[in-house]
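Just so it is clear, the structure is predicted and the values come from calculations on it, not from any experiment.
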Amino acid sequence: MNEITVLNVVPDERFGGPQQRVLLVAKRLKEKGTKTIVVMPEGDNTYARMLDDAHIPFFRSRSFRRLPNPSNLPGIILWFCYFLPCMFFMIRLIRKHGIDIVHVNGALNVQASLAARLSGAKLVWHLNDVRRSVLTRPLRLILTAMSHEMAGASMAVERCYFGKNSSGKMTILYPPVDTGDFHPDHTRVEEYRREFRITPNDKVIGIVGNLNPFKGYEYFLQAAKLIKQASPAVKFLIVGKRLDTHENYWHRVQSLIADLQIEDDVIFTGHRSDICEILNMVDIFVLSSILEAAPIVVLEAMACGKPIVATSVGGVPELIVDGQTGILVPAKDAKAIASAIQYLVSHPEEAKQMGINARERAVARFDISICAKRHEEVYSGILGAR
């Protein structure tokens with residue numbers, strides 16, 4: 001592929017799965033001569049520092065604002081007021097840096113998509129959403145009309161927008177995991193257990209994700225209560241950031257922990273950058289989400305050789321093979337989550353084999369080298385069409 005420049009537009013500056021994908025792919029494509037420039041809103045600096053450390057150039061602007069919650073009417077009005085300034089900011093970036101491809105993340109990132117078309121750049125519109133709404137059909141029409149290539153984080157995303165018999169409507173770009181960075185390693189397990197005051201005899205059940213309602217933390221905590229009643233020597237580790245946009249949910253979670261009387265058994269770590277080391281300390285990884293497109297943290301747990309209990313939502317069944325690399329359970333079912341965890345605790349050899357299988361699947365199907373190559377194919381394909 002000839003050298004190209006990609007403008008990757010991220011509508012949320014806070015670090016999460018899509019941001020991780022953009023960073024990993026940008027680093028890998030940089031080695032092959034493809035330049036990536038990231039543009040995102042102002043705000044949290046965590047992701048900006050990660051881009052800076054990786055020498056990936058990025059831009060931020062006051063006009064490019066994170067889409068507010070639907071209940072935040074003043075915020076929505078302000079977002080619309082900045083719509084045109086944001087679009088012109090994007091156009092200037094595209095023209096100044098000779099952008100070949102604008103890779104837009106998120107269905108509502110319309111300003112960047114319009115900027116791409118008005119500037120003559122090719123447009124890849126990348127969706128990571130499995131929530132159907134009244135906007136789904138009109139968005140599908142806009143996406144189809146404007147983009148040169150539509151990409152989805154999983155087949156579940158494709159079905160969300162195009163229906164059950166929709167294979168081929170989108171290019172599926174599964175999120176990546178760097179299986180060189182994420183791998184089984186027990187050298188620091190004792191050190192991390194001491195940090196969190198976990199005894200050698202305790203089993204550690206871990207969950208990773210920012211504190212928002214879609215992660216289903218209430219069901220994880222209800223399951224924790226059930227497990228404690230049967231197996232007292234268990235601790236529950238929650239790794240994730242408290243979000244300013246979901247303060248009410250944070251307080252609900254805290255109240256639930258108090259009501260369940262499990263304050264001494266639940267450990268909050270807040271945001272951590274050492275996810276690999278923490279995953280290697282965990283005995284069983286849990287995903288209790290009620291909505292997911294293709295959670296990258298599941299792939300990270302798989303790469304670390306962990307048995308997984310996960311809700312069968314969105315694209316999760318595309319990542320986990322039920323009964324081989326983990327156990328899939330219904331969403332919003334604390335009893336099912338608890339039962340699956342207890343089964344793995346009481347069948348350690350089977351849990352160990354699931355972890356081995358999970359690692360093998362992560363390497364074979366979801367390694368960053370595979371994801372980066374798929375991005376290359378998409379970019380070269382649409383530029384070849386030009």
Side-chain angles (χ1 to χ4, degrees), residues 16-18 20-21 126-132 136 151-177 179 182 205-209 212-217 219-220 223 279 282 284-344 347 350-351 353-367 370-371 374:
Q20 174 81 327
R21 172 183 53 78
H126 198 144
L127 306 179
N128 196 57
D129 190 9
V130 290
R131 284 177 288 173
R132 292 190 64 85
T136 301
S154 64
M155 290 184 287
V157 174
E158 186 178 52
R159 290 192 297 270
C160 173
Y161 281 89
F162 291 96
K164 293 182 179 179
N165 301 315
S166 60
S167 180
K169 297 289 186 181
M170 288 183 177
T171 296
I172 306 304
L173 295 176
Y174 287 110
V177 58
T179 57
F182 284 82
I205 314 301
I207 186 169
V208 179
N212 74 68
F214 299 119
K215 296 299 181 182
Y217 278 104
Y219 307 105
F220 175 72
L279 285 173
V282 166
I284 298 168
F285 179 80
V286 177
L287 182 91
S288 57
S289 301
I290 61 175
L291 282 174
E292 287 286 0
I296 196 170
V297 70
V298 165
L299 301 179
E300 292 171 342
M302 289 169 60
C304 288
K306 297 301 169 180
I308 299 169
V309 173
T311 47
S312 183
V313 297
V316 174
E318 299 170 46
L319 310 182
I320 296 172
V321 181
D322 189 26
Q324 295 182 28
T325 65
I327 299 176
L328 296 175
V329 298
K332 302 181 180 181
D333 191 336
K335 289 183 179 179
I337 295 171
S339 177
I341 293 171
Q342 287 172 322
Y343 179 86
L344 292 176
H347 294 80
E350 189 171 342
Q353 187 59 51
M354 282 187 180
I356 293 171
N357 296 342
R359 166 73 184 176
E360 291 175 352
R361 181 170 170 80
V363 172
R365 296 288 301 274
F366 304 110
D367 183 71
I370 299 168
C371 185
R374 293 288 289 127

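- With rounding to the nearest 0.5 Å, the separation of CD1 in Ile327 from CG in Leu344 is 4.0 Å.
- The backbone N or O of Lys169 sits less than 3.5 Å from a side-chain atom of Glu158, completing a donor-acceptor pair.
- Within the structure, side chain to side chain donor-acceptor pair (under 3.5 Å) pairs that include any residue of residues 304-330 comprise Tyr174-Glu318 (at least two apart or interchain).
- To the nearest 0.5 Å, atom NE2 of residue His126 and atom CE of residue Met170 are 9.0 Å apart.
- Side-chain contact check for Arg361 versus Val321: some heavy-atom pair is nearer than 4.5 Å.
- Distance alone, capped at 3.5 Å, places no donor-acceptor pair between the Arg359 side chain and the Cys304 backbone.
- Residues that satisfy the side chain to side chain donor-acceptor pair (under 3.5 Å) test with Ser154, not counting sequence neighbours, are absent from this structure.
- Closest non-hydrogen pair, Val313 versus Pro317, comes out as O-CD, 3.6 Å.
- Rounding to the nearest 0.5 Å places CG of Asp367 at 3.5 Å from OG1 of Thr179.
- Looking at heavy atoms from C-beta onward, Pro295 lies in side-chain contact with Leu319 at the 4.5 angstrom threshold.
- Across all their heavy atoms, Ile296 and Pro176 have their closest contact at CD1-O, 3.0 Å.
- Atom CG in Leu287 sits 10.0 Å away from atom CG in Leu328 (nearest 0.5 Å).
- Here the shortest heavy-atom pairing between Ser289 and Ala331 reads O-CB, 4.2 Å.
- Side-chain atoms of Glu300 do not come within 3.5 Å of backbone N or O of Val177 as any donor-acceptor pair.
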What's the verdict on side chain to side chain contact (heavy atoms under 4.5 Å, CB included) for Leu299 and Phe182, showing C-alpha distance, side-chain angles and the deciding distance?
CA-CA 9 Å; Leu299 301 179; Phe182 284 82; over 6 Å; no
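- Shortest non-hydrogen contact noted between Ala336 and Val329 is O-CG1, 3.7 Å.
- Note that CD1 of Ile337 and NZ of Lys332 are 12.0 Å apart. Values are rounded to the nearest 0.5 Å.
- Not counting sequence neighbours, the partners of Arg131 by the salt bridge (Lys or Arg N to Asp or Glu O under 4.0 Å) test are Asp129.
- Between Met302 and Arg365 there is no side-chain heavy-atom pair separated by less than 4.5 Å.
- Residues Tyr161 and Thr136 have side chains in contact (heavy-atom distance under 4.5 Å, counting atoms from C-beta outward).
- Taking all atoms of both residues into account, the shortest heavy-atom contact from Ala153 to Asn128 is CB-OD1, 2.9 Å.
- Under the 4.5 Å side-chain criterion, counting only non-hydrogen atoms from C-beta, Glu360 is in contact with Asn357.
- Using a 4.5 Å heavy-atom threshold, the side chains of Ile207 and Lys215 count as separate.
- Ring pair His347/Tyr343 is parallel by interplanar angle, where below 30° counts as parallel and above 60° as perpendicular.
- Nearest heavy atom pair, residue Ala293 against residue Val130, reads CA-CG1, 4.0 Å.
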Determine, step by step, whether Gln20 and Val297 satisfy the side chain to side chain contact (heavy atoms under 4.5 Å, CB included) criterion, reporting the C-alpha distance in whole Å, the side-chain angles of both residues, the deciding distance to 0.1 Å, and the verdict.
CA-CA 10 Å; Gln20 174 81 327; Val297 70; over 6 Å; no
